[in-house]
Amino acid sequence: MKNPLSLFYLLVVALLFASSAGAEVKSLRGDAAVDSNADTQAAELKTYYKDHQPLQRDYLQQPPLIPHQIDGYIINVKHNKCLSCHSWKNYREHNATKISQTHFESRDGAVLSNVSARRYFCTQCHVPQVDAKPLVENTFQPVDTMRMN
Ligand code: HEC
Ligand code: HEC
């Protein structure tokens, strides 16, 4: 950079950017360092239910929570443990809920003959049930026409 003034401007812009980015980002535990004191440490991981009833969904498009343990269930390119019970081929044998038709749609809306890549990694959207307090207050109410419970 030949002009020393342009280097100066570049520095000012970089500093402005850094300070504004810092001001906007705020995590749930605040500004405290991760291990500074017990209050700010993440809570102990609750134990998941081994086998539980499915929970009512709060709204139509909500991915249902997983009512059973999933320890050791492998999902990779070659193998998908979830589908061994939840696919349309296997659900009857295991008395499991079959994946819904939305799981067959490609991102362009084409209906495929097998699970779409965007719905292959089940735990991207479905998480096991756990008896945990919400991290932030939530007063969500579904609109009446889409109420599931
Ligand atoms: C050994 C069979 C089996 C495997 C493997 C399995 N499930 Fe299930 N799953 C079930 C059964 C059976 C139910 C129904 C439980 C009930 O209705 O009480 C269920 C229920 C669910 C539900 C709740 C559906 C609803 O309507 O509320 C979700 C979500 C789910 N499983 C996701 C998964 C995911 C994700 C995986 C993989 C990480 C997985 N399951 C692996 C048998 C299985
Ligand atoms: C991109 C997010 C996403 C992924 C990935 C995904 N799901 Fe779902 N799933 C949903 C949503 C949202 C619903 C509820 C609305 C619907 O059926 O589309 C749902 C519904 C379900 C249901 C209940 C169906 C019913 O008729 O009540 C089951 C069972 C299920 N998913 C299992 C799975 C399994 C097994 C996988 C992995 C192969 C998977 N899902 C991957 C978002 C996802």
Side-chain angles (χ1 to χ4, degrees), residues 10-149:
L10 200 71
L11 259 173
V12 171
V13 170
L15 275 175
L16 275 177
F17 183 74
S19 59
S20 67
E24 279 162 27
V25 178
K26 197 167 185 305
S27 76
L28 282 174
R29 77 184 143 76
D31 305 328
V34 178
D35 56 357
S36 63
N37 70 59
D39 295 343
T40 57
Q41 280 186 16
E44 281 282 305
L45 199 63
K46 306 269 194 315
T47 36
Y48 294 111
Y49 301 114
K50 208 173 163 95
D51 201 2
H52 211 238
Q53 289 301 312
L55 291 181
Q56 282 283 355
R57 297 177 215 174
D58 290 319
Y59 57 98
L60 198 64
Q61 301 87 349
Q62 179 189 348
L65 291 168
I66 307 172
H68 52 71
Q69 271 186 337
I70 58 165
D71 294 9
Y73 286 3
I74 291 167
I75 309 174
N76 61 28
V77 181
K78 292 209 179 102
H79 188 79
N80 186 321
K81 178 70 179 171
C82 315
L83 289 175
S84 70
C85 292
H86 287 282
S87 71
W88 285 30
K89 196 171 141 211
N90 302 332
Y91 81 94
R92 281 186 215 92
E93 193 186 321
H94 296 277
N95 216 5
T97 329
K98 68 175 188 296
I99 49 171
S100 51
Q101 229 184 335
T102 55
H103 293 53
F104 293 78
E105 264 171 43
S106 78
R107 67 176 180 184
D108 308 314
V111 179
L112 311 172
S113 58
N114 209 338
V115 179
S116 167
R118 49 207 278 271
R119 295 268 168 130
Y120 184 82
F121 293 99
C122 320
T123 46
Q124 240 176 283
C125 304
H126 297 281
V127 291
Q129 296 175 1
V130 65
D131 187 17
K133 271 191 277 166
L135 290 171
V136 288
E137 195 195 343
N138 187 346
T139 54
F140 174 82
Q141 291 289 333
V143 288
D144 260 354
T145 47
M146 292 195 142
R147 196 173 283 278
M148 298 286 284
N149 54 27

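Quick note: numbers below take in every heavy atom, side chains included, and nothing from hydrogens, waters or symmetry partners.
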Give, for atom [atom1] of [X] and atom [atom2] of [Y], the distance between the pair rounded to the nearest 0.5 Å.
X    : Y    : atom1 : atom2 : answer
E105 : L112 : CD    : CG    : 8.5 Å
L65  : Q56  : CG    : CD    : 12.0 Å
R118 : Q124 : CZ    : CD    : 10.5 Å

| field | Residue list, side chain to side chain donor-acceptor pair (under 3.5 Å) with N90, at least two apart or on another chain | value | S87
| Quick one: side chain to side chain donor-acceptor pair (under 3.5 Å) partners of H103, sequence neighbours excluded? |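 Partners of H103 under the side chain to side chain donor-acceptor pair (under 3.5 Å) test: S100, R119.
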Results of side-chain contact (heavy atoms from CB on, under 4.5 Å) for [X] - residues two or more places apart only:
X    : result
N76  : I74, K78, H79
S113 : none
E93  : none
Q69  : Y48, K50, D71

| Beyond-backbone contact of R92 with K98, side-chain heavy atoms, under 4.5 angstrom |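 A side-chain contact under 4.5 Å is absent here.
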| message | Ignoring hydrogens, what is the shortest heavy-atom contact between S116 and S106? Give both atom names and the distance. | response |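 Looking at all heavy atoms of both residues, the shortest contact is OG-CA, 3.8 Å.
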| Heavy-atom pair with the smallest gap, counting every atom of S84 and K81 |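 Nearest heavy atoms, S84 then K81: OG-O, 2.5 Å.
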Residues in ring-ring contact (aromatic ring centres under 6.0 Å, His included) with [X], at least two apart?
X   : result
Y91 : none
H68 : none
Y73 : none

For residues 125-137, tabulate all N or O donor-acceptor pairs below 3.5 Å that involve a side-chain atom, not counting sequence neighbours.
{"from": "H126", "atom 1": "ND1", "to": "P64", "atom 2": "O", "distance (Å)": "2.8"}
{"from": "Q129", "atom 1": "OE1", "to": "H52", "atom 2": "ND1", "distance (Å)": "2.7"}
{"from": "Q129", "atom 1": "NE2", "to": "Q53", "atom 2": "O", "distance (Å)": "3.0"}

| message | Just to verify, what does D144 make a salt bridge (charged side-chain N to carboxylate O under 4.0 Å, His left out) with, not counting sequence neighbours? | response | R147
| request: Check the surroundings of atom CD in Q61: do more than 12 heavy atoms from other residues, nucleotides or ligands lie under 6.0 Å from it? | output: yes
| field | Member of I66, N80, I99 meeting the side-chain contact (heavy atoms from CB on, under 4.5 Å) criterion with C122 | value | N80
